[in-house]
Amino acid sequence: MSDFTYAIDADGVATITWDCKDKSMNVMTFQGFDDLNAHVQAGLADDAVKGMIITSGKDSFAGGMDLNVLARLKEDSGDNPAKGLFDGLMKMHGVLRGIERAGMDAKTNKGGKPIVCAMTGTGMGIGLEIPLACHHIIAADKPKAKIGLPEIMIGIFPGAGGTTRLIRKLGAMAASPFLLEGKILPPAKAAAAGLIDEVVAPDALQARAKEWVLNATDADIVKPWDARGYKMPGGTPYTPAGFPTMIGANAMVHGKTQGAFPAAKALLAAVYEGALVPFDTALKIEARWFTKVIMDPTSTAMIRSLFLNKTALEKGAVRPAGVADQSVKKVGILGAGMMGAGIALVSAMAGIEVVLLDQDQAAADRGKAYSETYMDKGIARKKATPAKKDAILGLITATTDYAALKGCDLIVEAVFEDPKIKATVTKAVEEVIGADCIFATNTSTLPITELAKASQRPEQYIGIHFFSPVERMLLVEIIKGKETGDRAVAKALDFARQIRKTPIVVNDARFFYANRCIIPYLNEGIRMVGEGVAPALVENAARMLGFPVGPLQLVDETSIDLAVKIATATKAAMGDAYPDSAVDDVIFWMADEGRMGRKTGAGFYTYDAKGKRTGLWDGLADKYPALDNQPDLIEVQHRLMFAQALEAVRALEEGVLMDIREGDVGAILGWGFAPWSGGPLSWLDMISADKAVELCDALAATHGARFTTPDLLRDMAAKNDGFYARYMSA
Ligand code: NAD
């Protein structure tokens, strides 16, 4: 059955309605394009039709291209995929250009039929590129609807004419937040920004669209770029006004991405080159750059991890089968410190009743005040309302009284990182809560199985590891202790869904999964400083890999004393097998110097009075003089990448990771692992197991046993296999 239907009314206005029957939101497929085109062509050919409305049968217009189609674009493009892709794109351009020209005479621009897009709500990606090809865009004024081109967020860029049209509609400067940052706006703001043309009350949408069609003149349906004398707003690259925009955009993108994201570069190239030529040639250029991006393995990897697998995990891909809904109604949070306060906020925002308990009332109140400050900031930025703030604060009870925890169906413990204190509160809480209540600890380092010993119901005891700041970080790591049962896992997953986090579920082991990989990243950076590698080389190598922060900056953020604490505890647990003494030399010395990181205004970086970083600390060079021969950038990058990726492989080998999708999605969302790679395991696939083994063997020979090639990787190399081929092929 077609996703598009076609009907003509008594006034000669044809309506093409998009409605993917088995989906909650319209998404585009190749077949969809053919069907849309057939209806448009029928309307243009029919003398009884005066004009057309393209709209949706749902309360949103369209979510975009079907990403399952996008993810397979390269595979599905024939023996010569670059050519197949380019030809497919040009066919799509032909369909949209057909709408835009609407049967007009090429010379006189006369004789066309008006085609309006009536957006019933959200229109993203292709769901805005189609409207942009129409002659006029009217959207229903729904404050929650989202309009924009978010393609760049998943490693591609608008390739169905959206780039070329938006640049010509708004100019490079005004279009850049939408194209380069994927900025999304509600309809009224989208109209004010010029992204769409008009908003009307939702129930007036179809009538207004029809009125526009019936009143449109020949001039109304000629796009500015098809009219004589068109000049690009803000100027083309070789005009005095346009020149600085292009240079500035280039510098800004490289400053932000360090060149690590091929899609951003390709987008800029398509914009720049497209602006120098006529419209139809610009579409061809856009198609060529889009083809290049799709042919680059990074786009497939990003779509797979950041959309397909992230969504699958959010929808419960790893949720135990057959466990009834475990949505949380009342959560008790123990400890109202930094983490407890954040967990209370996100829970209340999800409409869950919260009891926030601390040892004294002032601490509990401070924890609740965190939500108040957060909402006040939201109100100041017009993102929240006083009513919403009251509703959220009304859900949070700050207390010291354990009796208030009665009726909670989930407890999240976030008291000090001390097993004795955790055991005491666990016992005290179990006196009060019902037999069904699930108990979760937010510990970042303590083994769950050990902590569960304090509980009378270890099968209802689980780890839910949040990341800081809770309201901003997208990941939660759910940790199963030895005895944790399915209902506890389901509860943690259902809670994650309610508070809109992406969950991964891992087995219990030292540092679980995320910290297990982050710590070697930090350690490798610190170790290099100790060896005399220039700190700037270490930090820039990481930034150029697309990490949001370099290892030294990250240590400063999380604090040197925490690093010292973790190192001391790890050494005590591992004894002679402890491998990181070279790292400790540096951090213990930093601690002796009182340079504890950002919070003390001194660490690997220097800071001004406001806590802003002012540069790397030159005192480091006195203690650890820079080597005369600095290593190659690539070697530094390989050390940083393999330090993490090999931990991910070991976590998989040891059964800590149970699903490679979780390893990859968790790495990107948890600590910003090079997003272009799709995650550490995806990166190893990208370079091939063969090459990875070769590089690891070389690194191990030069830098030590921590780079020893895991057996799993060696086996994959021997069998010409990869992680996704081995674990995910259906
Ligand atoms: P914090 O020191 O900011 O807060 C701990 C709170 O617990 C304090 O308000 C304290 O008064 C309260 N508390 C201590 N003993 C208590 C008791 N017996 N009864 C009730 N309340 C008590 O610490 P935090 O950074 O919020 O960390 C809390 C937990 O979360 C720790 O286990 C930590 O390892 C973990 N964690 C921290 C981070 C992070 O980035 N800070 C990230 C993930 C997990």
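Source: prediction; values computed, not measured. Note that ligands are numbered from 1 as they come in the structure, with each ligand's atoms numbered from 1 the same way.
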Pair up each side-chain donor or acceptor in residues 476-495 with any protein partner under 3.5 Å, not counting sequence neighbours, and list the distances.
{"unit_1": "Glu477", "atom_1": "OE1", "unit_2": "His465", "atom_2": "ND1", "d": "2.9"}
{"unit_1": "Glu477", "atom_1": "OE2", "unit_2": "Tyr513", "atom_2": "N", "d": "2.6"}
{"unit_1": "Glu477", "atom_1": "OE2", "unit_2": "Ala514", "atom_2": "N", "d": "3.0"}
{"unit_1": "Thr484", "atom_1": "OG1", "unit_2": "Tyr461", "atom_2": "O", "d": "2.8"}
{"unit_1": "Thr484", "atom_1": "OG1", "unit_2": "Gly481", "atom_2": "N", "d": "2.7"}
{"unit_1": "Thr484", "atom_1": "OG1", "unit_2": "Gly481", "atom_2": "O", "d": "3.4"}
{"unit_1": "Arg487", "atom_1": "NH1", "unit_2": "Gln326", "atom_2": "OE1", "d": "3.2"}
{"unit_1": "Arg487", "atom_1": "NH1", "unit_2": "Asp436", "atom_2": "O", "d": "3.4"}
{"unit_1": "Arg487", "atom_1": "NH2", "unit_2": "Asp436", "atom_2": "O", "d": "2.6"}
{"unit_1": "Lys491", "atom_1": "NZ", "unit_2": "Gln326", "atom_2": "O", "d": "3.3"}
{"unit_1": "Lys491", "atom_1": "NZ", "unit_2": "Asp409", "atom_2": "OD2", "d": "2.8"}
{"unit_1": "Asp494", "atom_1": "OD1", "unit_2": "Arg319", "atom_2": "NE", "d": "2.9"}
{"unit_1": "Asp494", "atom_1": "OD2", "unit_2": "Arg319", "atom_2": "NH2", "d": "2.8"}
{"unit_1": "Asp494", "atom_1": "OD2", "unit_2": "Gln326", "atom_2": "N", "d": "2.7"}

Sequence neighbours excluded and cut-off under 3.5 Å, please list the side-chain donor-acceptor pairs for residues 564-577, or say none.
{"unit_1": "Thr568", "atom_1": "OG1", "unit_2": "Val564", "atom_2": "O", "d": "2.6"}
{"unit_1": "Thr570", "atom_1": "OG1", "unit_2": "Ile566", "atom_2": "O", "d": "2.6"}

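With sequence neighbours left out, Glu471 forms a salt bridge (charged side-chain N to carboxylate O under 4.0 Å, His left out) with no residue at all.
Looking only at distances, a side-chain donor or acceptor of Asn507 sits under 3.5 Å from a matching main-chain atom of Gly655.
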Short N or O separations between ligand 1 and the protein, below 3.5 Å:
{"unit_1": "ligand 1", "atom_1": "3 (O)", "unit_2": "Met338", "atom_2": "N", "d": "2.9"}
{"unit_1": "ligand 1", "atom_1": "9 (O)", "unit_2": "Gly337", "atom_2": "N", "d": "3.4"}
{"unit_1": "ligand 1", "atom_1": "9 (O)", "unit_2": "Asp358", "atom_2": "OD2", "d": "2.6"}
{"unit_1": "ligand 1", "atom_1": "11 (O)", "unit_2": "Asp358", "atom_2": "OD1", "d": "2.6"}
{"unit_1": "ligand 1", "atom_1": "11 (O)", "unit_2": "Asp358", "atom_2": "OD2", "d": "3.4"}
{"unit_1": "ligand 1", "atom_1": "11 (O)", "unit_2": "Gln359", "atom_2": "NE2", "d": "3.2"}
{"unit_1": "ligand 1", "atom_1": "21 (N)", "unit_2": "Asp358", "atom_2": "OD1", "d": "3.4"}
{"unit_1": "ligand 1", "atom_1": "26 (O)", "unit_2": "Met338", "atom_2": "N", "d": "3.3"}
{"unit_1": "ligand 1", "atom_1": "26 (O)", "unit_2": "Met339", "atom_2": "N", "d": "2.8"}
{"unit_1": "ligand 1", "atom_1": "30 (O)", "unit_2": "Asn442", "atom_2": "ND2", "d": "3.0"}
{"unit_1": "ligand 1", "atom_1": "32 (O)", "unit_2": "Val415", "atom_2": "O", "d": "3.3"}
{"unit_1": "ligand 1", "atom_1": "32 (O)", "unit_2": "Glu417", "atom_2": "OE1", "d": "2.5"}
{"unit_1": "ligand 1", "atom_1": "32 (O)", "unit_2": "Lys422", "atom_2": "NZ", "d": "2.7"}
{"unit_1": "ligand 1", "atom_1": "34 (O)", "unit_2": "Glu417", "atom_2": "OE1", "d": "2.8"}
{"unit_1": "ligand 1", "atom_1": "34 (O)", "unit_2": "Glu417", "atom_2": "OE2", "d": "3.4"}
{"unit_1": "ligand 1", "atom_1": "34 (O)", "unit_2": "Ser444", "atom_2": "OG", "d": "2.8"}

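A donor-acceptor contact closer than 3.5 angstrom links the side chains of Glu417 and Thr443. Thr600 and Arg595 share no side-chain donor-acceptor pair at under 3.5 Å.
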